[in-house]
2 protein chains.
Amino acid sequence: MEKRTALQVFEALSSGIRLDVYRCLVVAGRQGMVAGEIAAALDIPPTNLSFHLKNLTQSGLLWVEQEGRFQRYRANIEAMLAVIAYLTENCCAGRPQECVDFRRSQPGLAPLLPPLDCPAEGPGHS
Amino acid sequence: MEKRTALQVFEALSSGIRLDVYRCLVVAGRQGMVAGEIAAALDIPPTNLSFHLKNLTQSGLLWVEQEGRFQRYRANIEAMLAVIAYLTENCCAGRPQECVDFRRSQPGLAPLLPPLDCPAEGPGHS
DNA sequence: TCAACCATTCAATAATATTTGAATCATCAA
DNA sequence: TTGATGATTCAAATATTATTGAATGGTTGA
């Protein structure tokens, strides 16, 4: 993934309105929502919503499809997962055991160690 | 997770410099890096780096520890994972099968379906 | 075609974030 | 204690982003 792409995703989700919109669409799932529904659900003026929907779409977090005179938006779940992978790329210099030790050593209540998809070894880690 | 926390994390990672700093520290792992090392590695003026380190620390993405006259920074991997969980909270209205169908239906090259930790059912899903 | 509707673009304003150099604070080594 | 070093804070200038209302573009149903 290109740095620019990751930045666009983070920038997109750094606005309260856009975060609400994205989460709303994650919940909506396959069905998605048309712009007017989103505006009503979140009580945002259409002009302003358009601004944020455009940002989210350009970042790759949303797909949009025309439906008559409506615009239907859906969340792109994969875009977000790809960004996570980018963030943890080459974590702990590619040494999985150190990665586990490191996470265990952290102050936060983190004894769960959910998935990080640490690379087995070496350079390649998409 | 509170919305405010998630916003802080996204806002933090939406700057090119902060994204570089965080990724740098993810690679460094347990050992972390002192501010001067980061400044040298990324060629950023100390004043400006301080500004960004403060932002990252306040967002919870970094831990800082004093070491003599140095400040050692380490990435907080868990903070990021918690944000992912927040984003996918109640995805597809809590219906795992629809969640799978939805992701399979997406335009992106997404037939892999990496982890999403979809809830088994119902409300509770930290 | 026409009027109504959904949504977007445009231009201006308001609000935030970033960068810089100078000044400050704390620690170390002598 | 003093001078040097690592890093941060402060204040000002710059740059970027968000919001609003008016105007525009495309689609539907009569």
Partners meeting salt bridge (Lys or Arg N to Asp or Glu O under 4.0 Å) with B:E2 (sequence neighbours left out): none
Checking A:N76 side chain against A:L62 main chain: does a donor-acceptor pair fall under 3.5 Å? no
Residues which pass side-chain contact (heavy atoms from CB on, under 4.5 Å) with A:V9, listed by chain and number, not counting sequence neighbours: A:L13, A:L61, A:V83
Residues which pass side-chain hydrogen bond (donor to acceptor under 3.5 Å, both in side chains) with B:E98, listed by chain and number, not counting sequence neighbours: B:R95
Report yes or no: do A:L25 and A:F70 belong to one cluster of Ile/Leu/Val/Met/Phe/Trp/Tyr joined by side chain heavy-atom distances under 4.5 Å? no
Short question: side chain of B:T57, backbone of B:L53 - any donor-acceptor pair under 3.5 Å? yes
Hits for salt bridge (Lys or Arg N to Asp or Glu O under 4.0 Å) against A:K54, two or more places apart or cross-chain, chain-then-number order -> none
Under 4.0 Å from a heavy atom of chain A: give me the 5'-most and 3'-most nucleotides of DNA chain D that qualify. D:dA18 to D:dT28
With sequence neighbours excluded, give me every side-chain hydrogen bond (donor to acceptor under 3.5 Å, both in side chains) pair touching residues 8-17 of chain A. A:E11-A:R18, A:E11-A:N55
Contact nearer the 5' end of DNA chain C, comparing A:V64 with A:R69: A:R69
Residues in side-chain contact (heavy atoms from CB on, under 4.5 Å) with A:R74, at least two apart? A:E65, A:R72, B:F102
For residues 29-51 of chain A, which side-chain donor-acceptor pairs fall under 3.5 Å, sequence neighbours excluded?
from: A:E37; atom 1: OE1; to: A:V34; atom 2: N; distance (Å): 3.1
from: A:N48; atom 1: OD1; to: A:H52; atom 2: NE2; distance (Å): 3.2

Taking five pairs at each end, how big is the angle between the two axes of the helix from C:dT1-D:dA30 to C:dA30-D:dT1, to 10°? 30°
Within this structure, what is the CD-to-C1' distance between B:Q71 and C:dT27, rounded to whole angstrom? 11 Å
Joint hydrophobic cluster, B:L56 plus B:V27, side-chain heavy atoms closer than 4.5 Å: no
Check DNA chain C against residues 7-38 of chain B and give the residues with a non-hydrogen atom under 4.0 Å, in numerical order. B:S15, B:I17, B:R18
Numerically ordered, the residues 47-59 of chain A set in heavy-atom contact under 4.0 Å with DNA chain D is A:T47, A:N48, A:F51, A:H52
What's the CZ-P distance between A:F70 and C:dC5, to the nearest Å? 11 Å
Does A:P45 or B:Y73 map to a spot on DNA chain D nearer the 5' end, using the closest nucleotide for each? B:Y73
What pairs with A:Q66 under side-chain contact (heavy atoms from CB on, under 4.5 Å), at least two apart in sequence or on another chain? A:Q71
Is any side-chain heavy atom of B:L81 closer than 4.5 Å to a side-chain heavy atom of B:E78? yes
